Structures are given as structure tokens and as C-alpha cells.
A.B. asks: 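One structure, as C-alpha cells, below. Some questions next.
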Amino acid sequence: MRVRNRNLFWFMLFLFIVFCGVVTACGSSDQAANSGGHSGHNENEGFEVTSSADVMPSFLKTYTPRTGQLYARVNEYEELLKTLNCYCGCMDYAENRHDSLYRCFIMGKENGRVTWTDHGTQCGVCLNELKDATDMASKGKSNEEIRKAIDAAYKGSI
């Protein structure tokens, strides 16, 4: 019984330390608080070009299957996503400003080739907005209904 309690203590201590590390890393500066938790994110945004929108970027292999599944929706809902604001703070960057939720996942397309960005992989706001918007679209909601719902749900997150 004593060994079990000691093991539980060390396990709980480990979880507490990990939790503190995550909380500290996610919100350690005023810049992070004002940019949806993206402290220095704009400078660290990574890009990868693939031959088409059907070919997912290799950086997704280091993320959860959910992240990959959400990225796979971006091309299908391109027109909708280009009409939606992103509320993580990326639309306020001084340089390399994002112009829509779409830009959080794809920087651009040229001659069929797609330049993906890893911005969305690092941002729960972007991923959740993408999920909510595409889920509503798949249920037949209009772009206007979706935009109003996204604005209402996320506008206060900045």
C-alpha cells in the first residue's frame, strides 16, 4: 500500500510539473497574450510546397491525426474559409499579416502547387474555427450563417 501511494505521489508530481511547463510556455509574455498565444509565431511560421492540394505537407506527420484531418478539409472549403476572419491574432501581424482563416493553413497556390503553412498546427483557435466552420458547411449552413456563428463564438478570443 505504501509503495502504491508513493508511486501515485510521484506520478501526480510529474503531471503537475508538465502542466506548469505547458501553461508557462503558452502564455509567458504580453505579446503572447495579445496574439492568441503566438509569441514570436510570425517569425517561426514554416512553409512546405506540395504538388497539389491532395498531397498533405509532411510536417503534419508530427501532429495528431485530428490536425491532419482538419488540414485535409481546407481545400474543399477554400471559398468559405477565405471569407472568415481568424481570431487568434494573426490578422493583426505587422508583417506577413493573414487575411483570412484560409491563410492560417495555405499561404497560396500557383500552377496547381500548394504552399502550406504550419501556422494552423500550432494554434487551437485556428483549428477549432476550421472544424466549426466546416462542420456547419457540411450540415448545409450558408456562408453568411457560418460567418455570423464564427464571429459570435470567437470574436472575444482576441
Side-chain angles (χ1 to χ4, degrees), residues 15 18-19 21-29 31-158:
L15 286 178
V18 169
F19 174 77
V22 168
V23 169
T24 302
C26 289
S28 62
S29 72
Q31 180 184 2
N34 293 330
S35 62
H38 296 306
S39 176
H41 185 354
N42 196 30
E43 300 88 39
N44 298 323
E45 188 172 10
F47 303 97
E48 183 177 331
V49 178
T50 63
S51 60
S52 75
D54 295 328
V55 179
M56 293 289 103
S58 64
F59 61 72
L60 290 174
K61 293 176 184 169
T62 61
Y63 294 92
T64 65
R66 176 185 182 262
T67 300
Q69 292 162 356
L70 290 171
Y71 261 76
R73 295 179 182 185
V74 174
N75 188 59
E76 179 181 355
Y77 295 99
E78 176 178 353
E79 294 309 313
L80 166 64
L81 299 176
K82 285 182 175 180
T83 69
L84 300 176
N85 290 324
C86 178
Y87 289 106
C88 79
C90 64
M91 294 183 79
D92 297 327
Y93 289 158
E95 294 181 33
N96 204 14
R97 181 181 173 275
H98 293 188
D99 59 357
S100 67
L101 182 59
Y102 178 79
R103 172 59 181 80
C104 298
F105 303 93
I106 293 179
M107 183 174 177
K109 294 179 179 180
E110 187 173 335
N111 298 324
R113 296 168 55 91
V114 177
T115 302
W116 299 90
T117 172
D118 67 355
H119 174 95
T121 63
Q122 303 170 43
C123 181
V125 172
C126 298
L127 288 172
N128 286 329
E129 277 190 58
L130 172 63
K131 181 187 180 313
D132 290 349
T134 56
D135 284 353
M136 285 185 272
S138 71
K139 292 176 181 169
K141 298 285 185 183
S142 72
N143 285 6
E144 183 63 20
E145 289 174 308
I146 295 168
R147 186 188 58 74
K148 285 180 181 179
I150 293 294
D151 289 348
Y154 291 94
K155 197 169 192 172
S157 66
I158 298 179

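Keep in mind the model is a prediction, meaning the values are calculated, not measured. For the single chain, residues carry numbers from 1 onward in sequence order.
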A.B. asks: Quick one: are Y63 and Q122 in side-chain contact, heavy atoms under 4.5 Å?
C.D. replies: yes

A.B. asks: Is a side-chain N or O of E129 found less than 3.5 angstrom from the main chain of I150, in a donor-acceptor match?
C.D. replies: no

A.B. asks: For the SG atom of C126 and the OH atom of Y154, what is their distance to the nearest 0.5 Å?
C.D. replies: 10.0 Å

A.B. asks: Quickly, which of D135, T134, N128 forms a side-chain hydrogen bond (donor to acceptor under 3.5 Å, both in side chains) with K131? Name it, please.
C.D. replies: D135

A.B. asks: Side chain to side chain donor-acceptor pair (under 3.5 Å), that's the test. Do K155 and N85 meet it? Break it down for me.
C.D. replies: CA-CA 9 Å; K155 197 169 192 172; N85 290 324; over 6 Å; no

A.B. asks: NE2/H98 to NE2/H119 distance, rounded to the nearest 0.5 angstrom?
C.D. replies: 5.0 Å

A.B. asks: Using the ring of each side chain (for Trp, its six-membered ring), is Y71 parallel, tilted or perpendicular to W116, with breaks at 30° and 60°?
C.D. replies: tilted

A.B. asks: What is the distance from atom CG of N143 to atom CG of L80, rounded to the nearest 0.5 Å?
C.D. replies: 4.5 Å

A.B. asks: Identify the heavy atoms of V114 and S52 that sit nearest to each other, and give their distance.
C.D. replies: CG2-C, 3.7 Å

A.B. asks: Evaluate whether atom NZ of K148 has more than 12 neighbouring non-hydrogen atoms of other residues, nucleotides or ligands under 6.0 angstrom away.
C.D. replies: no

A.B. asks: Please examine the side chains of C90 and C104, heavy atoms only from C-beta on, and report whether any two atoms are closer than 4.5 Å.
C.D. replies: yes

A.B. asks: State the OG1-CD distance between T117 and E48, to the nearest 0.5 angstrom.
C.D. replies: 11.0 Å

A.B. asks: Rounded at 0.5 Å granularity, tell me how far CG in D151 sits from CG in L84.
C.D. replies: 7.5 Å

A.B. asks: Working to the nearest 0.5 Å, report the span between CG of L130 and CZ of F105.
C.D. replies: 4.5 Å

A.B. asks: Between R103 and E45 (salt bridge meaning N to carboxylate O under 4.0 Å), is one present in this structure?
C.D. replies: yes

A.B. asks: Please report the shortest heavy-atom distance between L127 and R66, naming the atom on each side.
C.D. replies: CB-NH1, 4.2 Å

A.B. asks: Any ion pair linking E110 and R113 (charged N to carboxylate O, less than 4.0 Å)?
C.D. replies: no

